[in-house]
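All of these numbers come straight from a predicted model, not from anything done at the bench. In what follows, every heavy atom counts, from backbone to side chain, and hydrogens, waters and symmetry copies are set aside. By convention here, the first residue in the shown sequence is residue 1.
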Amino acid sequence: MALTPAAEPVAEPRGAVVERPGLLTTVQDWPGRTGYWHVGVPPSGPMDDLSFRLGNRALGNAETAAGLECTMAGPALRFAEPTWACVTGAPVTVTVAGRPVPLWRPVLVPAGELLDIGAISGPGMRCYVLVSGGLRLPAYLGSTATFTLGRFGGVDGRALAAGDVLPVEPIPGPPAGAVPGGEQPVLTHDWEIAVTEGPHGAPEFFTREDIDTLLKTSYEVHFNSDRTGVRLIGPKPRWARPDGGEAGLHPSNIHDTAYSVGALDFTGDTPILLGPDGPSLGGFVCPVTVTAADLWKLGQLCPGDRVRFVPVRADRTASPYELGPARRAGWPIVLSRGGDGDDGVLRKTETADGTPVTYRRAGDDGILVEYGAMTLDLELRARVHALYERLRARGERGITELTPGVRSLQLRVDPRTRRIASALDLLTEIETELPAADDLIVPSRTVDLPLSWDDPATREAITRYMHGVRADAPWCPWNIEFIRRMNGLDTVADVFDTVFAAEYLVLGLGDVYLGAPLATPIDPRHRLVTTKYNPARTWTPENAVGIGGAYLCVYGMEGPGGYQFVGRTTQVWSRRADTGTPWLLRFFDRIRWYPVSAEELLDLRADIAAGRGEMRTGPGEFRLADYRTFLAEQADSIESFRSRQSAAFAAERESWHRSGELGRTQ
């Protein structure tokens, strides 16, 4: 009888105990949580990827090994076994067993001794703690990177706390050695950051003078900055448009489109550099985008620092996959002979039936495909979906992300395997293969969701906004009354009736994170149009329901926001560990609301959190030919509704002029 050999004992992972967590210390890995931009999951990962990756390389770790990002002040860690560690990033005092040790160099922490990282002295905002082998923590959607707003990744989705134990992977081998001085990034208080033009430039959205001002201005970093975005203080644009039309009253408003990490996003008149925890989808213009190789600088920007944007040629940018001199991080200036001079427009063409197609630059590694004019047209969204599905089916090498917007599709391209010019040719080729508009048929479930109208949580958010941001906004103190006024309705009861009568077609997911649907009524007579908060709210309750432009959104989680509230609903993102696909809605679902009280909603939310609740859904499809027929049959009634709505919109805009509201935002 054969004997089964005894199993080898499994060694317990090495680890460190957190004795002091620091101000904001999180577990991150590189490149983070990729592949989920289309459902509102940001990549997260180290904000200064360069310092992080250099530390891993110095230790001989894989580039993907998890480590710690420390903001303003670092932690104190006690290791159970001898462990090599390397601290990189912003200047900070580091000691081992009370003795100072250098940055950018692997140091051995003896068993039982303390690795202590103090307060960052500056310049710079963040330092990184890497250990040989890397941290060993459970992955969520393929990454251990912490996304604190979403409450996942790292240690229970939060910053470190005293008493946490951080398991460490086995040592891969001896350290590789110190990071050469010439490869360490130069930190400063006066930054030059390389940007590419687009996607939204002059003269369509900004004036030529706006762009000139943007590139000549030294912006100041606002204290209210974080991993979602770096707010900047600087001159207000004059704008090339009087308003955003159906997308909103302010000229910064556009029909929602996918963002790029590093895009300079004008939320109203406030410029914000979108960070690795930023939103994937939104309705604001972005005139320039930080190059992928320069994104590390966002992680080191401190309040009060000065920032100047330097346009560069997109095809001559450094590769973000480099870590040596080719990354150009050792230079305090950006070497450039100027930008592309094309306002971010890469190519223009037409579909077979004459619909315009514009290919815009979305950073040096992205393309934004836009169909038709800047209007809300479900036919355009159907074309986007056809392109999205064809690209997914083909599985082309070098296309890493596909994120649909209302009338657009964003592609992210891996520069190691495909160049932007090749991706443009691919898109032009595929366009000739797409079906004719009348043949477009898309699966479309009906989804019934509860809505607590004018919910107390949304009232609280308005009150916080009035106390902490501004009390004199035209939409305060009651968003629903503002919606009534902007749409020329007689009573707020008419707003209620319109919302509950509508079927909202889901055009995007991730509008304000985590599977949050961006939807609009299929029937144009149900499309209430409003504008977004300017400036945005700093707090929005999870699953609040709001309207911005002609769109409705359900907020996937707590966070900032700008849509005008109508109420609150149940969860659209599952936090249960036994859920394979945490996002609950799909593109082209049709949402129908049914009213519940605030108390009933809380019970329903508790049931869903406990795994007892289920969405009420039914099968269906969206046929573009049938939709065209419906629009033709109801043309007179639709035009009457729009005329009344347009008159109210114009009256509101005129009142803003008289009150100085547009003057303060232009």
Less than 3.5 Å apart, any donor N or O on the side chain of [X] or [Y] sitting next to an acceptor on the other?
{"X": "Asp343", "Y": "His200", "value": "no"}
{"X": "Arg347", "Y": "Thr428", "value": "yes"}
{"X": "Ser422", "Y": "Asp425", "value": "no"}
{"X": "Arg642", "Y": "Ser646", "value": "no"}

Do [X] and [Y] come within less than 4.5 Å of each other through their side chains, counting heavy atoms only?
{"X": "Phe284", "Y": "Asp256", "result": "no"}
{"X": "Trp583", "Y": "Val572", "result": "no"}
{"X": "Tyr504", "Y": "Thr520", "result": "no"}

Fill in: Inter- and intrachain pairs under side chain to side chain donor-acceptor pair (under 3.5 Å), touching residues 546-555, at least two apart
His255-Tyr551, Arg537-Tyr555
Practice prompt. Scan residues 366-378 for pairs that pass side chain to side chain donor-acceptor pair (under 3.5 Å), counting only residues two or more places apart or in two chains.
Written response: Arg360-Glu370, Tyr371-Glu431
Worksheet entry | Salt bridge flag under 4.0 Å for residues Arg390 and Glu433 | yes
Discussion item. Run Thr351 and Asp353 through side chain to side chain donor-acceptor pair (under 3.5 Å) and show every step you take.
Written reply: CA-CA 5 Å; Thr351 65; Asp353 64 359; 2.4 Å; yes
Response to the item:
The side chain to side chain donor-acceptor pair (under 3.5 Å) partner of Ser444 among Arg590, Glu621, Arg586 is Arg590
Fill in: Geometric class of the Phe622/Phe588 ring pair [parallel <30°, tilted 30-60°, perpendicular >60°]
tilted
For [X], what residues pass the ring-ring contact (aromatic ring centres under 6.0 Å, His included) criterion, not counting sequence neighbours?
{"X": "Tyr36", "value": "none"}
{"X": "Phe587", "value": "Tyr388"}
{"X": "Phe152", "value": "Tyr140, Phe147"}

Discussion item. Please check: side-chain N/O of Tyr513 versus main-chain N/O of Val39, any donor-acceptor pairing under 3.5 Å?
Written reply: no
Practice prompt. Determine, stepwise, if the pair Ser260 / Arg412 fulfils side chain to side chain donor-acceptor pair (under 3.5 Å).
Written response: CA-CA 9 Å; Ser260 301; Arg412 297 246 72 86; 3.0 Å; yes
Worksheet entry | Thr270: side-chain contact (heavy atoms from CB on, under 4.5 Å) partners, not counting sequence neighbours | Arg231, Thr267, Ile272
Practice prompt. Examine Arg416 relative to Tyr321 and say whether NZ or CZ is less than 6.0 Å from the centre of the six-membered ring and inside a 45° cone about the ring axis.
Written response: yes
Fill in: side chain to side chain donor-acceptor pair (under 3.5 Å) between Trp239 and Asp269, worked out
CA-CA 10 Å; Trp239 300 105; Asp269 295 297; 3.0 Å; yes
Item to complete: For Arg392, look at atom CZ and say whether over 12 heavy atoms of other residues, nucleotides or ligands are found less than 6.0 Å away.
Response: no
